[in-house]
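Report on the structure given below.
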Amino acid sequence: LHSDSRYDKALAARAQGTEWEVSGEPVGHARWLAARLGDLRVKRVAIEDDVALNEYRAWAAAFEDLGVELVETHDLVRTLRAVKDADEIECLRAAQEITDAAFTHMCEWLHVGVTEREAGFELDTFLRRHGQGLAFPCICATGENSANPHHIPDDTAAREGDFFLMDFGGRVRDYDADMTRTVVFGTPSAQQREIYD
């Protein structure tokens with residue numbers, strides 16, 4: 001596995017005791033791989049079709065002298081990664097358990113007057129305390145902001161009768177959960193029930 005210097009030490013620590021070798025050699029990925037392919041007599045290398053054009057050109061240039069053909073693939077890695085082994089499934093379950101616990105915590109903690117930013121901080125803190133980080137930055141939105149699924153939390157305070165949207169997820173060993181829930185402060189109106197449904 002070739003990584004740049006921002007991640008190579010962390011990856012090497014994780015790779016200990018596995019068959020993975022990690023390199024932080026300060027060259028581009030294409031040049032690093034090309035230097036290792038010559039001895040292996042590799043004729044074809046797959047590359048996903050969503051790489052940036054300049055990255056693709058670097059790969060093509062690195063392999064040109066080796067006579068290695070670049071084969072474009074679409075979603076090959078994603079398709080392979082869709083099948084999880086037992087350890088991965090356990091990580092996903094653990095991440096979801098933390099996420100479920102965070103939702104329960106927030107339902108007990110939320111109150112009229114809390115701002116989106118305060119609620120987001122509480123949610124972030126709970127996920128970090130009980131897991132290994134966040135799947136993505138938490139979204140908390142109240143009132144009319146709750147209609148925007150990617151709202152950036154601000155100082156809008158929750159009022160009685162408001163919807164309150166939370167989009168969040170815990171992380172366990174780089175496996176992420178994702179949950180979106182909307183609650184209401186007080187008793188929902190008939191219109192809110194219809195919107196919610």
Side-chain angles (χ1 to χ4, degrees), residues 1 3 6-18 20 22 50 75 77-197:
L1 181 63
S3 173
R6 294 174 295 172
Y7 309 108
D8 64 334
K9 294 196 180 19
L11 289 168
R14 286 218 175 155
Q16 291 211 345
T18 72
W20 288 89
V22 177
D50 61 353
D75 279 346
V77 173
R78 186 182 315 204
T79 302
L80 291 170
R81 293 296 301 128
V83 178
K84 306 295 184 212
D85 64 27
D87 185 51
E88 292 174 302
I89 291 169
E90 184 51 41
C91 289
L92 289 167
R93 282 193 175 120
Q96 188 56 50
E97 286 173 8
I98 292 162
T99 303
D100 288 341
F103 178 62
T104 299
H105 169 74
M106 291 303 290
C107 286
E108 296 167 356
W109 182 88
L110 282 171
H111 53 278
V112 171
V114 69
T115 68
E116 295 168 345
R117 200 181 319 273
E118 290 168 336
F121 182 77
E122 181 68 19
L123 190 48
D124 282 3
T125 301
F126 185 95
L127 291 167
R128 290 177 193 277
R129 276 198 184 119
H130 294 88
Q132 297 171 355
L134 308 175
F136 50 88
C138 297
I139 299 170
C140 289
T142 192
E144 64 185 45
N145 294 339
S146 66
N148 179 356
H150 294 119
H151 175 68
I152 297 171
D154 59 29
D155 290 322
T156 302
R159 298 167 304 190
E160 185 71 22
D162 274 356
F163 277 131
F164 196 92
L165 175 137
M166 295 170 280
D167 188 0
F168 58 101
R171 171 174 284 180
V172 172
R173 290 179 43 212
D174 293 325
Y175 288 85
D176 297 339
D178 185 352
M179 177 183 280
T180 305
R181 295 291 183 266
T182 303
V183 297
V184 69
F185 288 99
T187 304
S189 67
Q191 183 185 24
Q192 284 176 315
R193 286 183 186 277
E194 182 181 350
I195 291 168
Y196 183 89
D197 289 342

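Heavy atoms only: backbone and side chains are in, while hydrogens, waters and symmetry mates are out.
In terms of heavy-atom proximity, His151 sits nearest to Ala141 at CD2-CB, 3.6 Å. Across every non-hydrogen atom of Ala119 and Val114, the tightest pair is N-CG2, 4.0 Å. Among all heavy-atom pairs drawn from Val172 and Ile98, the shortest one is CG2-CD1, 3.7 Å. Taking both residues in full, the closest heavy atoms of Asp167 and Pro149 are given as OD2-O, 4.4 Å, listed atom of the first, atom of the second, then distance. Residues Ala177 and Ala135 approach most closely at O-CB, 3.4 Å, considering heavy atoms. Annotation for Val112 and Phe185: closest pair N-CE2, 3.8 Å, computed over non-hydrogen atoms.
Around atom CH2 of Trp109, more than 12 heavy atoms belonging to other residues, nucleotides or ligands sit under 6.0 Å away. A 6.0 Å sphere centred on NZ of Lys9 holds no more than 12 heavy atoms belonging to other residues, nucleotides or ligands. In Tyr196, the OH atom is not crowded: 12 or fewer heavy atoms of neighbouring residues, nucleotides or ligands sit closer than 6.0 Å. More than 12 heavy-atom neighbours from other residues, nucleotides or ligands sit within 6.0 angstrom of NE2 on His111. Taking a 6.0 Å sphere around CD1 of Ile89, one finds it holds more than 12 heavy atoms contributed by other residues, nucleotides or ligands.
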- Item | Val183 and Cys107: CA distance, side-chain angles, deciding distance, side-chain contact (heavy atoms from CB on, under 4.5 Å) verdict | CA-CA 8 Å; Val183 297; Cys107 286; 4.2 Å; yes

- Task: Let me see the working for Phe168 and Leu127 under side-chain contact (heavy atoms from CB on, under 4.5 Å), right down to the final yes or no.
- Result: CA-CA 9 Å; Phe168 58 101; Leu127 291 167; 4.2 Å; yes

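Judged by distance alone, the side chain of Gln192 and the main-chain N or O of Gly161 form a donor-acceptor pair under 3.5 Å.
A salt bridge links Arg173 and Asp87; the closest N-O separation between the charged side-chain nitrogens and carboxylate oxygens is under 4.0 Å. Under a 4.0 Å N-O distance rule, the pair Glu88/Arg93 does not qualify as a salt bridge.
His130 and Glu97 are not linked by any side-chain donor-acceptor pair at a separation below 3.5 angstrom, with hydrogens and angles left out of the test. For the residue pair Asn145/Thr156, the side-chain donor-acceptor check at 3.5 Å is satisfied.
Ring pair Phe126/His105 is parallel by interplanar angle, where below 30° counts as parallel and above 60° as perpendicular.
Residues Arg14 and Asp174 meet the side-chain proximity criterion, which asks for heavy atoms closer than 4.5 Å.
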